[in-house]
Amino acid sequence: MKALTVQPLVKGSARLDDVPEPPESDGPVLVETLGVGVCGTDVEILGGEYGWAPPGRDRLVLGHESIGRVLQAPAGGALAEGDLVVGIVRRPDPVPCPNCAVGEWDFCRNGQYTERGIKEHDGYCSERYRITPDYAVKVDPTLGMLGVLLEPTSVVAKAWEQVDRIGGRAHWSPATAVVTGAGPIGLLAAMIGVQRGLDVHVIDQVTSGPKPDLVKDLGATYHTGPIHQAVEAPDVVIECTGVGGLVFDAMEHVGPGGVVCLTGVSSGGRSLDVDAGVLNRSMVLENEATVGSVNANRRHYEAAAEALAAADQRWLGRLVSRRVPVDRWQDALERQADDVKVVIELGS
Ligand code: BGC
């Protein structure tokens with residue numbers, strides 16, 4: 001079968017390969033892949049900056065944002081032929097650490113977790129894959145291909161959960177939220193904020209293309225300046241860019257008792273002048289919190305499935321700005337001006 005593979009840490013090593021059918025050891029559920037989303041992590045892997053091949057191998061099947069259709073599943077289980085499913089990315093470490101032991105692999109303590117399409121376990125960008133039912137999440141069948149947005153939505157569903165848990169250390173009724181970055185993660189974070197009834201403000205750099213309208217049509221407000229010009233003292237900031245200046249802008253301008261959740265991954269190598277004393281003072285005197293958040297466990301995928309089922313499908317459809325057949329995978333990876341989420345199609 002066809003699969004998009006890469007040699008991790010070797011730039012430009014991606015190719016469309018002919019690989020064996022998925023191993024039975026991956027699980028009893030056989031899934032036909034319909035589409036795979038491309039995200040910043042994939043771009044890093046393709047650029048030779050991130051990623052790990054499975055033990056004893058050179059190449060990794062790429063793809064961690066997926067949507068597929070069940071071809072075979074054990075009788076009497078939660079999944080049946082024809083169900084639309086998304087595969088969870090991370091698998092617990094084998095030790096397991098105390099968090100992985102209770103299904104909170106997104107908080108793995110020892111780093112020995114694996115991630116499909118990223119770390120030591122083949123991903124979903126192959127015509128078929130196998131999985132165990134506990135790592136396959138059913139999506140609303142009316143979503144069709146848009147179910148590919150479930151994985152990035154799970155990442156922001158987790159971020160919002162972190163915000164709530166930390167905010168909930170005292171009376172917590174947030175009214176305003178800022179989201180930095182109007183890429184897919186930022187837009188999906190904003191979507192959940194709007195669904196929760198918050199006044200949401202999204203900050204990005206562009207003034208044209210689809211992003212400003214996507215934000216407006218969500219019922220949120222689009223801005224291009226710094227955080228304090230967009231809204232004074234927001235209760236929540238979800239930082240989705242990993243840009244150092246914005247991270248500190250968020251920490252400096254979040255409101256009293258507010259929570260900043262960092263979801264972007266910075267590349268490092270750049271330093272900033274920060275007045276650490278002023279930052280420390282405001283964080284202490286105003287009980288502010290900053291938290292990092294990565295990945296998602298099954299609870300977050302389920303919350304994300306609910307958020308997508310409640311969303312306007314026409315709006316979600318505009319997030320998937322380009323669909324590219326797998327045979328033209330190179331086109332999918334070449335960034336175009338109006339790209340939001342690009343999906344590689346493997347089936348229909
Ligand atoms: C994925 C996460 C993963 C992270 C780090 C992100 O792109 O969505 O599931 O944990 O990369 O590898």
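In each ligand, atom 1 is the first atom listed, and ligand 1 is the first ligand listed.
When atom types are taken as modelled, the side chain of D83 and the backbone of A80 share a donor-acceptor pair closer than 3.5 angstrom. Panel note: side chain E120, backbone W52; no donor-acceptor pair is recorded below 3.5 Å.
Relative to the six-membered ring of Y222, K211 misses at least one condition, a distance below 6.0 Å or an angle of at most 45° to the axis.
In this structure, ligand 1 sits under 4.0 Å from heavy atoms belonging to C39, T41, Y50, H64, V89, R90, E115, I118, E151, V155, V294, N295.
Using a 4.5 Å heavy-atom threshold, the side chains of Y124 and I131 count as touching. Taking 4.5 Å as the limit, some side-chain heavy atom of L60 sits within range of a side-chain heavy atom of D122.
Scanning for side chain to side chain contact (heavy atoms under 4.5 Å, CB included) contacts around T41 gives C39, I45, Y50, H64, I118, with sequence neighbours left out.
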